[in-house]
Each structure stands twice: as structure tokens, then as C-alpha cells.
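Right, one structure below, let's go through it.
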Amino acid sequence: MDVDSTLIDEEVIDQLGEAAGCGAEIAAVTERAMRGELEFCEALRARVALLKGLPVSVFDTVYQSLHFTNGALELIDELHAHGWKVGVVSGGFHEVVDRLAADAHLDYWLANRLDVVDGVLTGQVLGKIVCKTVKLHALQEWAGQCGVPMAQTVAVGDGANDIPMIQAAGLGIAFCAKPKTQLAAHYAINERDLTRVLLLLRQ
């Protein structure tokens, strides 16, 4: 599943923007990117550039302000009880996702990594950006590692960059998603309760 606005209630980059004093500007770009109006990689680079100069300690502050979506941990625990593997792919950042993954006992996770020099963000992303294609490939790769056919996979997300993995999964779910994503998914959940995913799995 996706992380921001799916596994958790917040959009981490918007929280970082608040800390950098440009919250409204970043949030507006995030909204357009999630609706599919902007190319995700370009939009991410533009937002990360605005974070230049922030100390890495900002991640501690932001992490403490995050909330797992209602039902998220219950969903993961229930899936694990039935032998499932659970992974997240995020257009957000390892500096936060690594901690979320530990707290939620995730099996796989992938996110972007920010460049840091002398304890300060440079405004650059390191390596390949986790875009819609990377999200799709992560689902395919993890399914392959587990010996699970794609027809037996589930993908959950809210943004336009989640559409390819949602469409490729055996069960693709738009979770409180943007209109474009809802149209692309097999099913849509419009209540912020991730245990609703279990109801679809039991059908």
C-alpha cells in the first residue's frame, strides 16, 4: 500500500513544508500531483527544493505528529496472522517510512531518500525517485520474491501515482482517493478505516 494519506492520515511532505515555512505552497503542489495534474517526479523535486536548509532533526518532530490511519495496524496484524506479507511504497521519505515500518511490523518498504550535508537538507533527492512505475515494479518484485502470482496480490492507494500498481494487482483498492484513482480501481473505500480492506478480501 501507499503511505501518505493511506497507511497514515498525513502527507509528510506537507508537514515538512510547514516546518520550512512554506506549507501552503507545498500542499497546493501535493494536491495537484495526487490528482494527476502534475508529473510526480517534477512535483516532488520542486517541493523538496523548498526544504533546503532544514535540519534533519525536523524528521523527529514530524514523525511525532503522524497518526496511523484508523484500522491500519489491525489490518496488518490480521494479514500477518494469515501468513500474508505486507509492504508499502512511498513517494515520501525513508527518514520517516523506516520508523513507520518498524512500528507497523511491515515486511517490505520503499521510499525516497533526501540528501543531507552536515545535518542539513540540501533540497535534493538521492537516487531514483519512487514514482508510479517504481511502485508498480516494487509490487511485482515483492510478489515474485514471495512466490505469489499477481492475481493474488492487493494494492491500496489514494493518488494518481498509485494507479499502475492498483490496476496490476489482483485486487486494486482506491482508499479515500482522488477521483482519477477511484475510476481506475476495482473497488473504492471512502471511509477512513483500513479494516474495510478485510471485508473485500472475504468476498
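In terms of modelled atom types and a separation under 3.5 Å, the side chain of Thr30 and the main chain of Ile26 share a donor-acceptor contact. Here the side chain of Thr69 pairs a donor or acceptor atom with the backbone of Thr6 at under 3.5 angstrom. Using modelled atom types, one side-chain atom of Asn112 and one backbone atom of Gly92 make a donor-acceptor pair closer than 3.5 Å.
Atom CD of Gln152 is surrounded by 12 or fewer heavy atoms from other residues, nucleotides or ligands within 6.0 Å. Shown here is Phe68, whose CZ atom has more than 12 heavy atoms of other residues, nucleotides or ligands within 6.0 Å.
Taking NZ of Lys180 as the reference point, atom CE of Met34 lies at 11.0 Å (rounded to 0.5 Å). Atoms CG and NZ, from Asp162 and Lys178 in turn, are 10.0 Å apart once rounded to the nearest 0.5 Å. Rounded to the nearest 0.5 Å, atoms CZ (Arg47) and CD1 (Ile13) are 4.5 Å apart. Annotation: the span from Leu136 atom CG to Ile163 atom CD1 amounts to 12.5 Å, rounded to 0.5 Å. Of the inter-residue distances, the one linking Leu194 atom CG with Ile173 atom CD1 reads 9.0 Å to the nearest 0.5 angstrom. In this structure, the separation between SG on Cys41 and NZ on Lys132 is 9.5 Å, given to the nearest 0.5 Å.
Residues Val197 and Leu200 are not in side-chain contact: their nearest non-hydrogen atoms beyond the backbone lie 4.5 Å or more apart. The shortest side-chain heavy-atom distance between Leu79 and Leu201 falls under the 4.5 Å cut-off. By the 4.5 Å heavy-atom criterion applied to side chains, Val56 and Val120 are not counted as neighbours. Looking at heavy atoms from C-beta onward, Trp84 lies out of side-chain contact with Glu78 at the 4.5 angstrom threshold. Contact of the Val156 side chain with the Leu7 side chain is not registered, since no non-hydrogen atoms from C-beta on lie closer than 4.5 Å. Residues Asp158 and Ser5 meet the side-chain proximity criterion, which asks for heavy atoms closer than 4.5 Å. Put simply, the side chain of Arg99 reaches to within 4.5 Å of the side chain of Phe59, judged on heavy atoms. Asp115 is not listed as a side-chain neighbour of Val125, based on a closest heavy-atom distance of 4.5 Å or more.
Listed by chain and residue number, Arg35 satisfy the side chain to side chain donor-acceptor pair (under 3.5 Å) test with Glu31 (two or more places apart in sequence, or in another chain). Under the side chain to side chain contact (heavy atoms under 4.5 Å, CB included) criterion, His94 pairs with Asp98, Trp109, Ala111, Arg113, sequence neighbours left out.
Side-chain polar atoms of Gln15 and Glu11 form no donor-acceptor pair below 3.5 angstrom. In this model, no donor atom of one side chain and acceptor atom of the other lie less than 3.5 Å apart for Ser65 and Glu10. In the model, His105 has no side-chain atom that pairs as donor or acceptor with a side-chain atom of Asp77 under 3.5 Å. With no hydrogens or angles considered, no side-chain donor-acceptor pair links Glu74 and Thr195 at under 3.5 Å. No hydrogens or angles considered: a donor-acceptor pair under 3.5 Å links the side chains of Gln182 and Asn190.
Nearest heavy-atom pair, Cys146 versus Tyr108, reported as atom, atom and distance to 0.1 Å: SG-OH, 3.3 Å. The two atoms that bring Ile166 and Ala184 nearest to each other are CG2-O, 4.5 Å, heavy atoms only. Counting all heavy atoms, side chain and backbone alike, Ala160 lies closest to Thr181 at N-OG1, 3.4 Å.
Leu139 and Val130 fall within the same hydrophobic cluster, where Ile, Leu, Val, Met, Phe, Trp and Tyr residues are linked whenever their side-chain heavy atoms come under 4.5 Å apart, directly or through other members. When hydrophobic clusters are built by joining Ile, Leu, Val, Met, Phe, Trp and Tyr residues whose side-chain heavy atoms come closer than 4.5 Å, directly or via intermediates, Leu110 is not grouped with Met1. No continuous path of hydrophobic side-chain contacts links Leu171 to Val89 [ILVMFWY only; heavy atoms under 4.5 Å].
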